[in-house]
Structure formats: structure tokens, C-alpha cells
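Report on the structure given below.
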Amino acid sequence: MDVMYFAWVRERIGLPRERIDTQAATVMDLVTELRAREERYAVAFEDISALRVALDQELSEFDAPLAGVREVAFFPPMTGG
Amino acid sequence: MDVMYFAWVRERIGLPRERIDTQAATVMDLVTELRAREERYAVAFEDISALRVALDQELSEFDAPLAGVREVAFFPPMTGG
Amino acid sequence: MDIRVQEAAFDAGAELNAFSTGHDAAGAIVSFSGIVRDREGGLSHMEIEHYPGMTEKALTAIAAEASARWSLADVLVIHRHGSLRVGDQIMMVATAARHRGDAFAAAEYLMDYLKSRAPFWKKEVTADGAEWVAQRDEDEAALGKW
Amino acid sequence: MDIRVQEAAFDAGAELNAFSTGHDAAGAIVSFSGIVRDREGGLSHMEIEHYPGMTEKALTAIAAEASARWSLADVLVIHRHGSLRVGDQIMMVATAARHRGDAFAAAEYLMDYLKSRAPFWKKEVTADGAEWVAQRDEDEAALGKW
């Protein structure tokens with residue numbers, strides 16, 4: 001699946017998107033996998049209450065299932081307008 | 001005192017302003033005097049719930065005193081904007 | 001604060017751009033503009049009468065009250081009188097604030113009070129004759145929320 | 001409905017004028033525009049990042065919801081991304097309606113949802129470095145009123 005990062009999540013992880021092969025059942029399972037990868041992921045995902053997640057470009061929740069999802073995006077709360 | 005009429009009050013009475021010498025104590029007393037003058041005044045002032053009054057260019061009430069007032073204006077509810 | 005009562009047409013877009021510049025900390029701008037519409041069909045033109053002297057005072061008082069209630073950097077009110085055609089700009093208000101909530105609330109307050117408390121009267125002229133626009137109950141009721 | 005996400009600058013006044021024409025019965029137009037301000041002093045520029053694809057979908061969904069909730073003749077949303085300087089227009093929304101209450105409520109709803117639900121992120125760059133703008137608690141809280 002495609003995993004995308006925006007704003008300071010992108011900066012902490014150091015890349016805007018990557019392709020990840022995962023068996024994670026939920027967003028939270030994916031976060032746990034990512035945290036275990038490297039320090040920069042652990043730092044980016046340290047406090048998920050400061051993060052938002054979108055599944056296939058729709059805002060979602062961290063307990064949402066990933067079955068059938070092609071694109072996951074992590075980012076801080078939006079600050080447009 | 002100067003008495004002014006706007007919108008359909010002006011049209012019914014047939015003039016925009018006139019000078020009136022009156023001893024009326026309140027706006028309502030003045031209305032009663034005007035109604036007694038001629039049919040066109042009686043028609044214009046028939047239903048004062050459909051009218052508004054300003055004293056010296058400030059919105060006021062029909063029971064307000066006229067002492068010291070130089071300019072009285074009668075008009076329908078405003079419809080600007 | 002800029003309050004204008006005028007017969008001449010104005011360019012709402014140009015006014016919005018001019019109003020939007022120069023407020024150092026106020027990044028939120030709300031505008032309302034009112035345009036003559038032919039709601040029922042057959043409108044020839046609209047005539048707007050006002051009460052010179054009182055109009056400016058009433059608008060200034062309404063704008064001052066809005067500035068006292070909300071944190072505003074600036075207020076603009078322009079209202080035309082005289083004869084207007086379909087599509088013409090009747091009036092506009094604009095507010096500048098640091099926070100958008102203040103700009104929105106103040107602009108709506110200005111409109112609610114301008115509508116029912118500033119001495120303007122509209123007359124719609126059609127081929128069938130002329131008719132003074134009646135106040136809508138909801139316009140008077142709108143004041144209750146402030 | 002006109003939703004635009006673009007890097008290029010736009011002229012809010014010209015957009016307002018274009019938007020204001022051609023809605024037969026909608027005489028009430030409300031606009032909101034957001035402008036880059038140097039609130040604390042020392043702002044060099046602002047960078048706005050967004051999520052291409054999702055941004056347009058989110059804005060379209062918000063505008064569709066506003067159109068479902070209120071009686072609107074038209075909705076305009078323009079939001080820039082990329083590098084912006086002090087005084088630049090960041091974005092604007094505009095609503096056209098027959099009644100001003102609908103135009104005001106829909107414009108404020110659009111802004112509240114756009115602010116917290118459309119994927120834009122602002123970064124302020126000063127001589128001291130760059131900082132991502134944090135969400136204000138009151139922006140999230142603003143959604144509660146709808």
C-alpha cells in the first residue's frame with residue numbers, strides 16, 4: 001500500500017511517500033509496525049493524539065481496518081483557511 | 001417643529017416635510033392632531049403599528065415627549081440592505 | 001471605519017481589495033453585498049429613499065456598536081440610494097478582524113441592524129406599477145439573536 | 001459550485017465581482033478572504049502544503065454539505081498552496097443566496113470545515129527558522145456548533 005506523510009510528519013520521517021507491504025489489520029497495527037522500524041518513525045508516531053489519518057483520501061480513525069485500502073496518509077491536524 | 005415623511009407616508013400625505021406649530025406633548029398627541037387635519041393625514045396615520053418615528057434623527061416611540069425636539073420624522077419600517 | 005451613503009455606483013470587488021490591504025494583524029475579511037434581483041420577474045428598477053443626516057448617524061452608531069462588541073480592525077459600509085437596475089450593487093459591508101469568528105459575527109450584526117434600523121426604504125417598480133417593499137418578519141426577528 | 005486549489009495568486013475582488021453576477025434570484029453574497037499577516041513580526045513567508053487529490057475531494061464534500069443544509073445559488077472556494085508572502089491572499093470562499101441568513105451561515109460553515117477538515121498545513125518561516133502552525137483549540141471547537 002502507499003503510505004504518505006505530510007507537514008511535520010513528512011519532515012520527521014524524511015520522505016513524502018513510500019510503498020509498504022504489510023499485513024497490518026488496522027491503522028494502529030500499521031503505526032506499531034512503523035514505530036518499530038527506525039527512530040525517525042518512532043519520533044513521528046510518538047503521540048498519535050497529535051496525528052490524523054486518511055484512508056484512500058477520506059479522514060478516518062486509528063482503529064479503522066486496512067482491508068482493501070490502497071493509500072494511507074498520516075499528518076498533523078489541518079491548519080488551512 | 002419640522003415634520004418629515006418618508007416612503008409611503010410621504011406619498012400619502014403628499015409632501016416630504018412641513019413646518020408645524022404645535023403644543024403636542026407627545027408624538028401620539030402630534031399624530032392625533034395630524035389625523036384631524038385632513039383625510040390624507042388620517043389615511044397615512046391610520047395604523048401606527050405600521051409606522052416608525054424618529055426624534056431629531058434618533059428612532060423613538062410614539063409615547064415619547066416632544067419637549068425640545070426640533071425634527072420629527074414618520075416612516076414605515078426600514079427595508080435597506 | 002468608513003461609512004458611505006451615495007447615489008453613485010461602486011465596484012464591490014475594488015472596494016473589497018482596497019479594504020483588505022493595510023490591516024497589519026487582521027487576516028480575516030468578511031464581506032456582504034446586496035444586489036438588485038428580479039425575484040418575481042418584471043422588475044423595471046428599484047428606488048431607494050433614505051433620510052439624509054439620520055442615515056449616516058444610524059450607520060455610524062451600528063458600526064460603532066459592532067466595533068465595541070467584537071475585536072475588529074476595520075469596518076466598511078457603503079449603501080446607495082436613488083434609482084437602481086437589476087444586477088446593480090445596492091450596498092456592501094465588510095469587516096476585518098484577526099479571528100474569523102469576529103469578522104463573521106460583526107458583518108452579520110451590521111447587516112441585521114442596517115436592514116431594520118437604518119432609514120432606507122425600497123420601492124420596486126414594474127410594468128404594473130410601483131410597490132414599497134414590506135419589512136419581512138424575519139428581519140425584525142433577526143435582531144433578537146444579538 | 002466552483003472549487004479551485006492552486007499555487008497561482010488570485011484577485012479576490014475580481015473573483016467576488018465575477019461570482020456576484022448571474023444568479024437570477026440570489027441577491028445576497030457573502031465572502032470570506034484570508035490574508036497572510038505578520039502577526040508576531042518577522043515573518044519572511046508562509047508555506048502551505050496540501051494533499052493533492054484529497055484536498056479537492058474534501059472541499060467539494062464540504063461545499064456539497066453546505067449546499068444541502070442551506071438554500072444556496074452558488075458556492076466558490078479558492079485555496080492557494082506553495083509559498084506566500086505577507087499581504088498575499090491565501091484563500092477565499094463566497095456564497096450566493098436569496099436570503100442573507102443562508103449566505104452567512106453557509107460561508108461560516110465552509111470556513112469552519114475547511115479550516116479543520118481540508119488537508120492544508122501552514123508553515124511560518126521567520127529569520128529564526130520555520131514553524132508549523134498549530135491547530136487552535138477553538139478551530140476544532142467551532143465544528144461543534146453545526
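Per chain, numbering begins at 1; letters A, B, ... match sequence-line order.
With chain C as partner, the option from D/Ile29, D/Val30, D/Ile35 having the largest number of non-hydrogen pairs under 4.5 angstrom is D/Ile29. Counting heavy-atom pairs closer than 4.5 Å to chain D, the top-ranked of the candidates C/Ala96, C/Ala18, C/Ala94, C/Ala26 is C/Ala26.
For the pair D/Phe32 and C/Phe104, the tightest heavy-atom approach, listed with the atom from each and the gap, is CD1-CE1, 3.7 Å.
Heavy-atom distances place both the backbone and the side chain of C/Ala107 under 4.5 Å from chain D.
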Are there donor-acceptor pairs under 3.5 Å across chain D and chain C? List atom names and distances.
{"residue": "D/Asp11", "atom": "OD1", "partner": "C/Asn17", "partner atom": "ND2", "Å": "2.7"}
{"residue": "D/Gly13", "atom": "N", "partner": "C/Asn17", "partner atom": "OD1", "Å": "2.9"}
{"residue": "D/Asn17", "atom": "OD1", "partner": "C/Gly13", "partner atom": "N", "Å": "2.9"}
{"residue": "D/Asn17", "atom": "ND2", "partner": "C/Asp11", "partner atom": "OD1", "Å": "2.7"}
{"residue": "D/Ser20", "atom": "O", "partner": "C/Arg37", "partner atom": "NH2", "Å": "2.8"}
{"residue": "D/His23", "atom": "O", "partner": "C/Arg37", "partner atom": "NE", "Å": "3.1"}
{"residue": "D/Ala26", "atom": "O", "partner": "C/Arg37", "partner atom": "NE", "Å": "2.6"}
{"residue": "D/Ala26", "atom": "O", "partner": "C/Arg37", "partner atom": "NH2", "Å": "3.0"}
{"residue": "D/Gly27", "atom": "O", "partner": "C/Ile35", "partner atom": "N", "Å": "2.9"}
{"residue": "D/Ile29", "atom": "N", "partner": "C/Ser33", "partner atom": "O", "Å": "3.0"}
{"residue": "D/Ile29", "atom": "O", "partner": "C/Ser33", "partner atom": "N", "Å": "2.8"}
{"residue": "D/Ser31", "atom": "N", "partner": "C/Ser31", "partner atom": "O", "Å": "2.9"}
{"residue": "D/Ser31", "atom": "O", "partner": "C/Ser31", "partner atom": "N", "Å": "2.8"}
{"residue": "D/Ser31", "atom": "OG", "partner": "C/Ser31", "partner atom": "OG", "Å": "2.5"}
{"residue": "D/Ser33", "atom": "N", "partner": "C/Ile29", "partner atom": "O", "Å": "2.8"}
{"residue": "D/Ser33", "atom": "O", "partner": "C/Ile29", "partner atom": "N", "Å": "3.0"}
{"residue": "D/Ile35", "atom": "N", "partner": "C/Gly27", "partner atom": "O", "Å": "2.9"}
{"residue": "D/Arg37", "atom": "NE", "partner": "C/His23", "partner atom": "O", "Å": "3.1"}
{"residue": "D/Arg37", "atom": "NE", "partner": "C/Ala26", "partner atom": "O", "Å": "2.6"}
{"residue": "D/Arg37", "atom": "NH2", "partner": "C/Ser20", "partner atom": "O", "Å": "2.9"}
{"residue": "D/Arg37", "atom": "NH2", "partner": "C/Ala26", "partner atom": "O", "Å": "2.9"}
{"residue": "D/His99", "atom": "ND1", "partner": "C/Arg136", "partner atom": "NH2", "Å": "2.9"}
{"residue": "D/Arg100", "atom": "NE", "partner": "C/Asp112", "partner atom": "OD1", "Å": "3.2"}
{"residue": "D/Arg100", "atom": "NH1", "partner": "C/Asp139", "partner atom": "OD1", "Å": "2.8"}
{"residue": "D/Arg100", "atom": "NH2", "partner": "C/Asp112", "partner atom": "OD1", "Å": "2.7"}
{"residue": "D/Arg100", "atom": "NH2", "partner": "C/Asp139", "partner atom": "OD1", "Å": "3.4"}
{"residue": "D/Asp112", "atom": "OD1", "partner": "C/Arg100", "partner atom": "NE", "Å": "3.2"}
{"residue": "D/Asp112", "atom": "OD1", "partner": "C/Arg100", "partner atom": "NH2", "Å": "2.7"}
{"residue": "D/Arg136", "atom": "NH2", "partner": "C/His99", "partner atom": "ND1", "Å": "3.0"}
{"residue": "D/Asp139", "atom": "OD1", "partner": "C/Arg100", "partner atom": "NH1", "Å": "2.8"}
{"residue": "D/Asp139", "atom": "OD1", "partner": "C/Arg100", "partner atom": "NH2", "Å": "3.4"}

